[in-house]
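Positions are given from 1, in the same order as the sequence printed here. Order of appearance sets the numbers: ligands from 1, and atoms from 1 within every ligand.
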Amino acid sequence: MKYLVILFVCIFNTLAYNYKPVILLHGILTGPESMELIKSRIEEKHPGTIVYNIEQFGGWSSLENMWYQVQQISQYISNITIKHPEGVHFVGYSQGALLGRTILQANPNHRILRYISLSGPQAGQYGTQFLHLYFPGLALETAFELFYSRVGQHTSVGNYWNDPYHNKLYLSYSQYLPFVNNELESNKSDQFKQGLSKLDMLVLIGGPDDNVITPWQSSQFGYYNKNGTVVDLKDRDIYQQDSIGLKTLYEKKKLKIITVPGINHFMWHLNVSICDNYILPYLN
Ligand SMILES: *[C@@H]1O[C@H](CO)[C@@H](O)[C@H](O)[C@H]1NC(C)=O
Ligand SMILES: *[C@@H]1O[C@H](CO)[C@@H](O)[C@H](O)[C@H]1NC(C)=O
Ligand SMILES: *[C@@H]1O[C@H](CO)[C@@H](O)[C@H](O)[C@H]1NC(C)=O
Ligand SMILES: *[C@@H]1O[C@H](CO)[C@@H](O)[C@H](O)[C@H]1NC(C)=O
């Protein structure tokens, strides 16, 4: 009887601790409640998983400078991962997908195993749909005048606004995206590459009916060239020069690029079948 109890305890422990903990990071102008569907689905389908749903920078504070958010959330994540030497997985949605990715790069000793980017503006953002949600009075063509300024750089959106027709201004004013994508070299370039290259898996999810991330290919590191034509990841310098480790990951079969049509930006994190088909399989 005693041995039977021990056996059951052992089996229970194996089942309960089979799944790695998961960190979730919400998008712009929302908070942890927006990630509740994914959280409860993980808990239901992968019983015993510990899920950390990040609360920081919900609502208006999500518009704060990206580096400030990265720094603050990094501390919180390091407090979590220190408790889980076995490693954890991380899912970021929308702006949170870009923030989360930067957190890996800014902390190359991180213990994140798999990173899932759910429709994040990884290569930047340049589009009216998005602009007018948050800055209804701004015109697309002149938004750069605000964003590529000292004031504009205080906002998260200014930090990843990537106007293909004003690339010089982007490179000289943006304090964030050109650095984390190693378009500009800095004394952190090596660690920015290291932090991503060491992942066990990087999953980039996006799709043509997103209607907010513009171009939608930015969710997979594709972007406009200087004449406004969208160039896919594999044809861009960031991949070909392996600037941040994407090619390294691909060659090790650790980069998954997932395109799903028919999904609006505000549905990625609220659609059960997206969660079941494209998120859960990577959270083993
Ligand atoms: C991290 O843990 C330290 C020590 O327990 C604590 O002082 C600090 O407030 C925590 N930071 C965050 C962001 O949770
Ligand atoms: C890296 O560059 C930043 C900004 O130019 C500078 O403040 C910092 O001291 C440099 N760090 C090292 C280790 O050189
Ligand atoms: C835009 O750039 C692409 C790729 O560099 C090129 O193939 C295309 O001809 C260009 N289109 C125009 C209108 O200049
Ligand atoms: C949820 O996603 C599936 C594709 O995985 C799609 O067929 C379905 O229409 C989506 N539902 C909604 C409400 O967006």
Query raised in the report: With ring centroids as reference points, do Tyr68 and Phe57 lie under 6.0 angstrom apart?
Result: yes
Report task. Show the protein residues that qualify under the rule heavy atom under 4.0 Å from an atom of ligand 1, listing them in chain and number order. Result -> Tyr76, Asn79
Query raised in the report: Can we say Lys45 and Asp276 salt-bridge, meaning some charged N sits less than 4.0 Å from an Asp/Glu carboxylate O?
Result: no
Requested in this report: Output yes when a side-chain donor or acceptor of Gln240 lies under 3.5 Å from a complementary backbone atom of Lys247, and no otherwise.
Outcome: no
Requested in this report: Sequence neighbours left out, what pairs pass ring-ring contact (aromatic ring centres under 6.0 Å, His included) with at least one residue falling in residues 225-260?
Outcome: none
Requested in this report: Check each atom of ligand 4 against the heavy atoms of Ile263 and keep those under 4.0 Å away; list them by number with element.
Outcome: 1 (C), 2 (O), 10 (C)
Requested in this report: With heavy atoms only and a cut-off of under 4.0 Å, state how Asn264 meets ligand 4: side chain, backbone, both or neither.
Outcome: neither
Query raised in the report: With only distance considered, is Asn271 within less than 3.5 Å of ligand 4 through an N or O on each side?
Result: yes
Query - ring-ring contact (aromatic ring centres under 6.0 Å, His included) contacts touching residues 70-104 (sequence neighbours left out) - result: Tyr52-His84, Phe90-Tyr115, Tyr93-His265, Tyr93-His269
Query raised in the report: Relative to the heavy atoms of Ser273, which atoms of ligand 4 are at a distance of less than 4.0 Å?
Result: 1 (C), 2 (O), 3 (C), 4 (C), 5 (O)
Report task. Would you mind listing which atoms of ligand 2 come within a distance below 4.0 Å of any non-hydrogen atom of Asn187? Result -> 1 (C), 2 (O), 3 (C), 8 (C), 10 (C), 11 (N), 12 (C), 14 (O)
Query raised in the report: Does the side chain of Gln122 come within less than 4.5 Å of Tyr160's, by heavy atoms?
Result: no
Query raised in the report: Under 6.0 Å between the ring centres of Phe147 and Phe135?
Result: yes
Please output the side-chain donor-acceptor pairs of residues 252-262 that fall under 3.5 Å, not counting sequence neighbours, one pair per line with the distance.
| from | atom 1 | to | atom 2 | distance (Å) |
| --- | --- | --- | --- | --- |
| Thr259 | OG1 | Gln220 | NE2 | 3.0 |

